[in-house]
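This report refers to the structure that appears directly beneath it.
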Amino acid sequence: MALDITWTKAWIARSADVISEHRTDLTTLDRAIGDGDHGENMDRGFSAVATKLADLSADATPGDALKMVATTLISTVGGASGPLFGTAYLKAAGAVAGHEELDGADLVAMLTAARDGIVLRGKAEPGDKTMIDAWTPAVEAAATALAAGKDEVAILVAAAEAAEAGSAATDPLVARKGRASYLGERAIGHRDPGSVSSALLLRAAVDATTD
Amino acid sequence: MALDITWTKAWIARSADVISEHRTDLTTLDRAIGDGDHGENMDRGFSAVATKLADLSADATPGDALKMVATTLISTVGGASGPLFGTAYLKAAGAVAGHEELDGADLVAMLTAARDGIVLRGKAEPGDKTMIDAWTPAVEAAATALAAGKDEVAILVAAAEAAEAGSAATDPLVARKGRASYLGERAIGHRDPGSVSSALLLRAAVDATTD
Amino acid sequence: MKKLINDPKNVVEEAVTGFAVAHADLVTASFDPIFVVRADAPVAGKVALISGGGSGHEPLHAGFVGFGMLDAAVPGAVFTSPTPDPILAATLAINSGAGVLQIVKNYTGDVLNFETAAELAEAEGVTVRTVIVDDDVAVKDSLYTAGRRGVAGTVLVEKIAGAAAQRGDDLEAVAAIATRVNAQTRSMGVALTPCVVPHAGEPSFTLADDEIEIGIGIHGEPGRERIQLEPADQIVDRLLAPILEDLPFASGDRVLLFVNGMGGTPQVELYIVYRRAAELLAANGIEVGVSLVGNFVTSLEMQGASITVLKLDPELEELWNAPVQTAALRWGR
Amino acid sequence: MKKLINDPKNVVEEAVTGFAVAHADLVTASFDPIFVVRADAPVAGKVALISGGGSGHEPLHAGFVGFGMLDAAVPGAVFTSPTPDPILAATLAINSGAGVLQIVKNYTGDVLNFETAAELAEAEGVTVRTVIVDDDVAVKDSLYTAGRRGVAGTVLVEKIAGAAAQRGDDLEAVAAIATRVNAQTRSMGVALTPCVVPHAGEPSFTLADDEIEIGIGIHGEPGRERIQLEPADQIVDRLLAPILEDLPFASGDRVLLFVNGMGGTPQVELYIVYRRAAELLAANGIEVGVSLVGNFVTSLEMQGASITVLKLDPELEELWNAPVQTAALRWGR
Ligand SMILES: Nc1ncnc2c1ncn2[C@@H]1O[C@H](COP(=O)(O)OP(=O)(O)O)[C@@H](O)[C@H]1O
Ligand SMILES: Nc1ncnc2c1ncn2[C@@H]1O[C@H](COP(=O)(O)OP(=O)(O)O)[C@@H](O)[C@H]1O
Ligand SMILES: [Mg+2]
Ligand SMILES: [Mg+2]
Ligand SMILES: [Mg+2]
Ligand SMILES: [Mg+2]
């Protein structure tokens with residue numbers, strides 16, 4: 001399938017669904033090493049996003065849709081994840097601005113811009129036990145797939161799988177950013193909630209290709 | 001035995017013991033229909049009384065000892081029971097002032113004065129579910145025993161038994177004085193704590209005759 | 001029972017010690033017997049105001065000692081009236097010759113102990129008047145009870161009578177103002193959770209996870225009825241209806257609306273209660289001229305709140321707004 | 001969970017509504033987006049102060065809006081930073097041209113949302129400075145954490161910087177004062193019980209009947225260690241030792257001692273804590289120049305307390321004592 005506005009809207013709709021489905025799980029993870037609101041925060045944001053999806057003009061591009069997600073998340077989520085995901089979608093939108101359809105290079109540019117936006121705002125490095133631990137392997141896997149000549153769907157699959165593995169790999173880490181950093185050693189054995197929601201969003205991008 | 005200062009001191013010492021023993025029971029009764037401090041209040045007062053017992057001068061009369069109880073209770077108990085029992089002992093002391101040894105008439109005068117003192121301060125009538133429901137039958141039984149020519153011990157026994165029966169008879173009553181009056185019908189089935197402590201004090205007077 | 005205390009026996013003494021050190025500019029504490037007076041007591045020529053009662057209701061009463069309010073506060077053991085001795089000692093410490101007004105919450109223990117203290121003070125040549133506060137509409141006022149309880153309205157009586165004394169009113173006038181405030185004040189409260197008296201170590205009553213007690217007293221005494229937890233707006237309706245009926249308050253009245261926290265209720269909840277109460281008063285044509293929201297008459301860590309309404313007149317409103325400088329209530333200086 | 005609320009979703013909006021009605025003389029509230037400003041905002045020629053953060057810490061921040069303190073408070077959802085929109089709207093509402101100082105507690109969410117709002121405000125021509133408050137010594141300040149948390153010391157920063165702005169200091173000067181207060185302030189807290197976020201409906205953490213959490217954060221974040229309940233004096237020693245070491249405070253210092261309640265702790269307990277803290281400071285040769293005791297930075301109904309010590313200098317003390325007129329802190333007018 002072509003990764004056009006239809007796919008982008010399907011991705012966003014699936015994102016809202018999957019976040020709503022995992023609301024309690026995300027909050028439970030956050031209760032263990034944060035303040036127990038990540039699911040609530042993300043769901044508030046993506047519910048607002050879902051509502052606005054219908055309002056997108058008929059000739060909107062994928063970049064327009066991503067920008068709507070960005071501004072909606074920024075203005076509804078709050079907390080740490082609001083500005084971080086907001087910036088990610090804003091930079092992603094910028095990377096593909098004007099394109100009607102996204103090819104493999106666009107996807108890699110989009111994911112890279114999103115990751116860089118999160119780093120710019122949050123200053124986290126890989127291994128700090130944050131959402132960056134999902135995004136960085138995702139960007140790398142996507143770039144590798146593109147270099148290996150894989151198609152768009154395969155690139156998205158590579159990114160989602162890498163994000164899921166990266167998220168799981170946060171379990172043994174001590175956190176150095178966000179609320180979990182207050183816990184020191186006590187964070188060990190818990191998965192970072194922001195990395196889980198990040199992986200869910202990237203998996204939704206894959207699933208949207210079959211909608 | 002002669003009801004002299006030795007008996008009076010024994011009565012006071014036994015009173016302190018018996019209140020201390022029943023501290024929790026009295027508080028539990030008060031928790032049901034009051035504010036759960038009657039045992040605590042009485043024990044605080046009679047502990048102070050017990051401490052002062054040794055300080056009584058060698059030539060103290062029963063009236064002097066009762067006056068010491070009165071002023072100590074007034075200045076240590078607080079709550080409703082402090083001024084009420086304080087007044088009772090103060091009036092009792094006045095009724096036997098100067099007497100070295102108490103005869104049957106003295107006992108009846110003493111109990112009557114005590115009861116009248118409580119009524120003067122607290123304005124309760126028989127049947128209001130207060131300590132008066134122990135004191136009034138006690139006074140009446142003592143007067144009847146005196147009129148029937150009973151000896152001092154028998155008069156004290158009659159008073160104690162009547163107080164115990166009077167206290168038990170508070171169970172089915174609705175309270176019209178004190179905190180329990182806030183409860184209306186909900187006080188039914190509970191015994192008035194002040195009537196129980198009153199009966200304990202009168203029983204201690206009997207037991208002190210065998211010390 | 002988890003509390004930030006040392007020996008339960010020392011709770012009152014240690015708390016008063018801390019209070020007196022923290023507010024040394026406002027108050028002086030005595031410890032044998034225990035009472036708190038204005039740092040500048042006795043204030044020459046001024047009628048002196050004294051109040052007191054069981055501890056556990058803080059900031060009542062010591063938090064209201066200072067310019068424009070109380071001259072002395074006498075804290076008893078937790079939830080137990082003080083004895084006459086400290087009341088007498090405090091009375092003598094604040095009397096400047098203009099007489100002393102006792103403000104006493106209507107509980108048998110408080111009434112009797114203050115009465116005894118008043119007799120002893122009169123015997124020492126002090127003129128004493130007493131005003132009994134009984135604002136709690138949860139309890140039926142009849143010949144067959146000890147009468148209504150004194151609850152949150154006590155703060156209003158203390159503030160307004162304190163301002164009257166501060167402006168120079170004589171003893172009879174201050175007593176008359178205090179009596180008027182009490183007569184025009186009605187309160188009712190709700191408890192969501194019980195409280196634990198330190199030396200008792202167990203809750204004064206129990207409530208199921210979904211139960212609340214309507215008409216609770218400030219010592220955890222039972223109220224009118226125990227019901228299932230409801231939305232705040234419905235609870236407010238239940239508290240305010242008997243208050244409005246009792247005086248009765250009527251359309252056109254101007255009132256002071258006071259939402260009081262019982263000690264363990266977050267401030268957001270108090271303002272949610274306030275919001276509904278103000279809305280209801282407006283719907284009844286009653287204008288809120290003055291508002292007070294916060295923990296002023298508490299029951300240790302009890303969760304719950306009470307609503308108090310005072311019918312204002314221009315004099316009472318002016319006296320309420322007059323400067324006051326105490327640990328818990330302060331404005332105008 | 002028993003709370004005096006209606007729909008958990010409406011807690012913040014309803015509480016702010018009640019707050020704004022109760023304190024209409026001091027503040028004005030907006031609701032879309034939600035924020036609270038001084039009734040007389042913008043104040044011509046004055047540097048404007050804005051703060052905010054998750055709700056549930058009341059009276060922080062809206063209770064400190066008024067003369068001599070904050071110009072605006074922006075409440076987020078309970079325990080969740082507000083988004084940039086209301087921060088921007090409030091910034092524009094209070095800016096009189098003299099610039100706006102953001103006072104932000106050091107949590108990633110607050111920092112990022114205020115940062116975004118500042119960028120947007122700058123884009124609209126408003127000069128913005130930001131001071132981050134991070135007074136909590138329970139958390140190690142290192143490159144390997146998000147840094148120390150901002151807790152009760154925030155009140156001191158808001159009061160003193162507010163007084164500097166009120167006396168006419170320019171933006172850089174007010175920011176410098178705020179930075180100095182933060183640099184000289186240290187805090188640490190203890191929780192006896194957890195709190196329940198309304199929409200979550202269950203406690204943020206659990207403590208056994210005999211356990212307490214030393215070094216608790218104001219959102220129920222874990223602290224340094226979980227220990228058995230101890231007498232208050234020992235707990236105070238545990239809280240104060242790291243505070244005194246950290247600056248370090250030294251003999252001869254004159255300080256502000258602030259004992260803060262977490263929301264569900266009775267006032268008697270706060271004064272018992274104060275008593276011991278004052279005693280320990282005295283033993284260390286440190287003089288308490290100013291005292292503050294009460295519920296100022298809370299965690300809903302959490303039982304517990306925190307101790308804050310600010311090293312005073314004559315200017316900070318004068319600014320602390322300067323008149324302030326807000327719902328929760330008031331003197332001198
Ligand atoms: N500095 C940071 N950089 C990247 N991600 C971060 C940073 N701080 C926090 N996060 C992410 O944010 C998530 C928490 O989001 P959320 O719970 O919604 O916000 P809050 O912590 O404000 O309650 C964490 O799980 C982590 O993945
Ligand atoms: N007006 C009264 N007259 C006689 N006895 C009274 C009166 N009011 C209360 N009491 C007695 O006092 C007892 C309660 O004493 P206590 O619990 O020590 O005081 P408080 O009610 O102040 O806590 C009641 O059980 C009752 O017997
Ligand atoms: Mg969170
Ligand atoms: Mg009692
Ligand atoms: Mg009592
Ligand atoms: Mg949060």
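Protein chains get the first letters and strands the later ones, always in sequence-line order, with residue 1 at the start of each.
Of the candidates C/Ile132, C/Val157, C/Val131, C/Val131 is the only one forming a side chain to side chain contact (heavy atoms under 4.5 Å, CB included) with C/Thr179. Tested against C/Lys105, the residues C/Ile218, C/Asp135, C/Val151 include a single side chain to side chain contact (heavy atoms under 4.5 Å, CB included) partner, C/Ile218.
The distance between the ring centers of C/His57 and C/Phe296 does not fall below 6.0 angstrom.
For C/Asn113, the parts lying near chain B are the backbone and the side chain together; criterion is any non-hydrogen pair under 4.5 Å. If you measure heavy-atom distances from B/Thr76 to chain C, the contacts under 4.5 Å come from the backbone alone. Of the atoms belonging to B/Ile74, heavy atoms from both backbone and side chain fall under 4.5 Å from chain C. Of the atoms belonging to C/Pro82, it is backbone heavy atoms, and not side-chain ones, that fall under 4.5 Å from chain B.
Put simply, of C/Thr116, C/Leu88, C/Val197, the one with the most heavy-atom pairs under 4.5 Å next to chain B is C/Thr116. Counting heavy-atom pairs under 4.5 Å between each of C/His219, C/Glu115, C/Arg149 and chain B puts C/Arg149 at the top. In terms of heavy-atom pairs under 4.5 angstrom with chain C, the leader among B/Gly36, B/Gly178, B/Gly82 is B/Gly178. The candidate with the highest count of non-hydrogen atom pairs below 4.5 Å against chain C, out of B/Ser81, B/Ser75, B/Gly86, is B/Ser75. Residue with the most contacts toward chain C among B/Asp128, B/Asn41, B/Val174: B/Asn41 (heavy-atom pairs, distance under 4.5 Å).
Under the 4.0 Å criterion applied to side-chain N and carboxylate O atoms, C/Glu119 and B/Arg121 are assigned as salt-bridge partners. A salt bridge links B/Arg191 with B/Asp171; the closest basic N to acidic carboxylate O contact falls under 4.0 Å.
Side-chain contact of B/His38 with B/Ser197: a donor-acceptor pair under 3.5 Å is present, judged by distance alone.
For B/Lys91, the NZ atom counts as loosely surrounded, since its 6.0 Å shell holds 12 or fewer non-hydrogen atoms of other residues, nucleotides or ligands.
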